[in-house]
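Structure record follows, encoded as structure tokens.
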Amino acid sequence: MTGAGPDSPGGALPAAGAQPDAGSPPPPVRQDSGLVGAVEPASRRLALQTGLFAVFFAGAVVISGGLVASVGGSPTEVLDALLDGSLRSPGAWGRTLVEMVPLALVGLGVVVAFRAGYYNIGTEGQVAMGALGAAVVVLKAPGPAWMLIGLGLAASAAAGGFWAGLAAVAHARRRVDVLISTLLLTFVAPNIILFVVARDYLLLDTTEANTRRASQSERLPDSTHLPDLELFGNTVHIGVLAAVLIVAAVAFLLARSVWGLKLRMLGRNSQTARRAGVRPGVVGGGALVISGAAAGLAGGMFLTGAAFRLQNLIANDFGWHGLLVALVARLNPVGVLPVAFFFASLRTGSGFLTATGISRTVTDVVQALFVVAALLPAAVMVIRDRRVARRLALRSAADAEVG
Amino acid sequence: MIADLETIIEPTIRLAVLLLFAALGEYVAERAGTINISLEGMMLCGAYAAALTASETGSPVLGAMAGMGAGLVVAAMQAHLSHQLDVNQFVVGIALSAFAIGVTTFLFTEIEMTGGILHVVEIPVLVDIPLIGEALFGQPWPTYLIVPAAAAVWWAVQRTGWGLEVRAVGENPAAADVSGVPVLARRRQAIYVCGLLAGLSGSYLAVGLVGGFSQNMTAGKGFIAIAAVLFGGWRLWGTIAGALLFGFADALAVALPAVGIENVPGAFLDSMPFVLAFAGLLVFAARARKPDALAEPFSRGAA
């Protein structure tokens with residue numbers, strides 16, 4: 001199935017298996033868009049790819065509608081309900097913006113780690129650990145409220161970073177695959193929280209209100225919630241601003257700083273990167289810890305800005321969905337915000353689906369369809385490049401005969 | 001005491017077999033050079049298709065076949081996207097896992113099904129052996145399929161020309177390519193095998209053990225199965241040992257309360273398989289020699 005011409009790898013993604021591994025032979029160097037990319041103007045390729053994205057995303061919408069219709073629902077009603085729930089009803093887009101914060105932070109972290117070739121797919125656990133870290137500090141530490149918020153968020157980033165750091169250390173010291181270790185740790189995190197919120201000497205809510213001793217922490221005191229902002233009748237917490245600033249800062253650093261360059265080198269070809277003086281343990285392991293910290297911060301902001309109470313399923317799929325956000329954004333930090341907003345509107349909109357008789361889980365399918373749709377344009381470009389390369393090869397062979 | 005041990009051994013075998021069906025598939029895929037993380041999605045789709053078919057037709061056999069078919073469909077997507085269209089194999093795996101959870105959860109809430117059927121086949125005489133009789137010879141019938149499945153995988157990978165080529169494309173695809181081995185085709189075929197076995201594993205869970213489907217019922221078992229392959233150092237015997245160990249850890253959560261040990265926190269028991277898998281990788285991963293080209297995409301002329 002290898003065509004006559006060289007192939008282009010999928011967009012900005014590092015080659016699979018680029019995870020640096022001492023002692024193994026250098027991974028094959030991939031040629032970017034190769035022959036065809038060299039012949040064709042970049043603007044034309046960009047236009048083609050943009051068109052393909054539009055076509056495939058439209059396809060995802062059509063298939064989603066078909067799915068709704070196939071189980072007896074009305075696609076337009078469902079779309080209406082989704083729009084009402086996420087944008088049109090009073091206060092809705094504020095809620096969607098709040099929902100966007102954890103998704104964007106997780107997605108941003110995933111972009112950083114994936115760019116370095118470190119496949120952190122255990123973000124769900126890191127979000128949970130972040131929420132745990134914030135809850136411990138805010139509920140247990142002494143001090144004025146404003147300080148507790150700051151310390152709590154710092155603790156959430158530290159806890160998420162620590163959880164990813166375990167995988168980073170296991171990889172650096174014992175060659176344990178990051179992909180698998182982050183995943184395994186994800187399933188441990190909710191159990192730790194369950195343990196903590198079920199013990200009265202730890203975080204169990206022992207107030208009168210919790211007479212049935214449900215496994216949850218006390219509600220965070222109002223003074224320690226993230227401050228709210230009023231925006232045209234919608235209430236959002238200050239984390240929305242913070243998230244936008246963080247995304248902008250990281251996008252700038254990835255594109256313009258030496259650190260960003262090192263990350264990309266490591267992701268593209270770890271052997272070359274190492275020869276150029278990039279230390280995989282520091283840069284790659286660091287990227288993994290940063291992505292864990294971003295996921296942890298997402299958990300902390302969700303706890304102090306929206307949930308206010310710790311329980312074992314606090315991560316609420318933000319980790320998984322944030323991972324998908326990064327993929328749909330094609331590992332482009334600038335794309336993370338709009339895609340996170342879109343996914344957030346699916347989440348807030350799904351609450352309005354009850355009236356349509358369609359299960360709210362339909363939005364999970366829609367998300368997944370968009371993820372698949374985001375993969376396909378690169379794949380189509382590969383097929384096309386092979387065709388064009390073959391044609392070019394034939395033509396040059398013909399020219400050679402004539403000459 | 002013996003009764004207590006039986007209470008632990010019996011679920012250990014069931015859960016280990018469940019993991020091993022999937023781990024056998026992953027073993028084949030990884031020997032060919034793919035870390036197939038859509039394994040969980042294959043199992044989940046397999047479980048759903050098996051439960052639905054068994055509920056509609058009343059036949060768990062048809063259910064298991066549908067489950068394998070569903071695993072194969074997911075495998076085809078993973079195989080062609082990653083080993084024909086050059087999409088990053090992990091990204092494909094993540095996307096397919098999300099897709100599997102979304103689709104099965106949605107369909108499960110939209111289409112009603114009745115419980116599947118659970119057939120226990122007791123092998124006479126042998127089932128009366130104390131301690132291990134019940135565990136090894138008194139299980140739902142698909143459990144026994146693990147023996148021919150493991151034997152077939154061993155034979156196919158270690159004793160056939162196809163298996164030699166599969167191992168070759170996992171070790172040195174460029175060399176295999178020069179020798180005329182269709183690298184990408186072999187890698188795809190290994191993923192198909194993985195899909196069939198993972199689908200069977202999901203069917204075993206749905207119609208063999210539970211007797212129905214529930215949302216996200218595989219709950220990370222696919223990832224544990226991948227860990228079993230890594231833990232086993234990409235060897236068949238190691239993989240089997242890993243599946244047994246993680247199956248044991250899984251079984252403790254069920255068995256300890258049943259034998260009267262109740263003061264171990266459930267949170268601790270539930271995370272045991274994952275902690276154990278992580279610890280196992282810490283100890284053994286550095287020592288194992290993994291397939292050289294594991295997780296590396298191949299395209300001709302690129303090396």
Side-chain angles (χ1 to χ4, degrees), chain A residues 1-3 6-10 13-17 19 24-25 27-31 67 71 119 121 166 170 173-177 179-181 183-188 191-192 194-195 198 312 320 323-324 327 358-359 361-362 364-369 371-372 374-375 378-380 382-383, chain B residues 35 37 81-92 94-96 98-103 105-106 108-111 174 177 182-185 219-220 223-224 226-227 230 265-268 270-271 273-275 277-278 281-283 285-286 292-303:
Chain A
M1 279 304 146
T2 42
D7 313 308
S8 75
L13 289 168
Q19 212 176 79
S24 64
V29 183
R30 323 240 30 227
Q31 291 161 304
L67 191 68
V71 293
Y119 290 88
I121 55 180
L166 290 179
R173 304 295 290 270
R174 308 288 303 171
R175 305 277 120 220
V176 179
D177 202 277
L179 189 82
I180 298 301
S181 55
L183 256 177
L184 292 175
L185 288 169
T186 282
F187 290 89
V188 179
N191 284 310
I192 293 181
L194 189 60
F195 184 87
N312 66 326
W320 297 119
L323 188 60
L324 302 182
L327 296 188
I358 294 294
S359 156
T361 54
V362 71
D364 288 343
V365 186
V366 177
Q367 285 184 353
L369 282 171
V371 176
V372 175
L375 299 186
V380 172
V382 168
I383 302 175
Chain B
I35 298 184
I37 55 169
L81 280 170
S82 61
H83 293 307
Q84 181 168 24
L85 300 179
D86 269 6
V87 185
N88 177 302
Q89 56 181 261
F90 301 140
V91 170
V92 176
I94 297 166
L96 289 178
F99 195 69
I101 292 186
V103 169
T105 305
F106 176 69
F108 180 58
T109 49
E110 291 295 336
I111 302 173
D177 183 48
V183 174
L184 296 179
F223 302 128
I224 299 243
I226 299 177
L230 273 61
F268 179 76
D270 285 343
S271 43
F274 300 98
V275 174
F278 187 65
L281 292 182
L282 275 181
V283 176
D292 261 348
L294 190 61
E296 276 166 22
F298 173 76
S299 66
R300 188 179 289 163

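Small disclaimer: the values here were computed from a predicted structure and weren't measured. Residue numbers begin at 1 in each chain, while the letters A, B, ... track the order of the sequences.
In this structure, the portion of B/Val283 lying under 4.5 Å from any heavy atom of chain A is its backbone and not its side chain. Using a 4.5 Å cut-off between heavy atoms, B/Ile101 does not touch chain A at all. In this structure, the portion of B/Thr109 lying under 4.5 Å from any heavy atom of chain A is its side chain and not its backbone. Contacts of A/Leu323 with chain B are made by side-chain atoms alone, with heavy-atom separations under 4.5 Å and no backbone atom involved. For chain A, the nearby part of B/Leu81 is the side chain; its heavy atoms alone come within less than 4.5 Å.
Ranking A/Val371, A/Val365, A/Val380, A/Asp364 against chain B, the residue ahead of the rest is A/Val365, based on heavy-atom pairs under 4.5 Å. For the set B/Pro265, B/Pro273, B/Pro182, B/Ser82, the entry with the most heavy-atom pairs within less than 4.5 Å of chain A is B/Pro265. Contacts with chain A were tallied for B/Ala267, B/Ala293, B/Gly102; B/Ala267 has the most, counting heavy-atom pairs under 4.5 Å. In terms of heavy-atom pairs under 4.5 angstrom with chain A, the leader among B/Val275, B/Ile226, B/Val103, B/Ile94 is B/Ile94. Contacts with chain B were tallied for A/Asn312, A/Leu166, A/Leu194, A/Val362; A/Val362 has the most, counting heavy-atom pairs under 4.5 Å.
Rounded to the nearest 0.5 Å, atoms CD1 (B/Ile37) and OH (A/Tyr119) are 10.0 Å apart. With values rounded to the nearest 0.5 angstrom, A/Leu184 atom CG is found 11.5 Å from B/Ser271 atom OG. With rounding to the nearest 0.5 angstrom, the CZ atom of B/Phe90 is 13.0 Å from the CG atom of A/Leu327.
Taking the six-membered ring where the residue is Trp, A/Phe187 and B/Phe223 present tilted rings, their angle falling between 30° and 60°.
Residues satisfying the side chain to side chain contact (heavy atoms under 4.5 Å, CB included) test with B/Leu282, not counting sequence neighbours, are A/Ala170, A/Arg174, A/Val176, B/Phe278.
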Practice problem: Verify side-chain contact (heavy atoms from CB on, under 4.5 Å) between A/Asn191 and B/Phe274, making sure each step is shown before the conclusion. | Solution: CA-CA 11 Å; A/Asn191 284 310; B/Phe274 300 98; 5.6 Å; no

Self-check item: Full working for side-chain contact (heavy atoms from CB on, under 4.5 Å) between B/Phe106 and A/Ile358
Solution: CA-CA 9 Å; B/Phe106 176 69; A/Ile358 294 294; 4.0 Å; yes

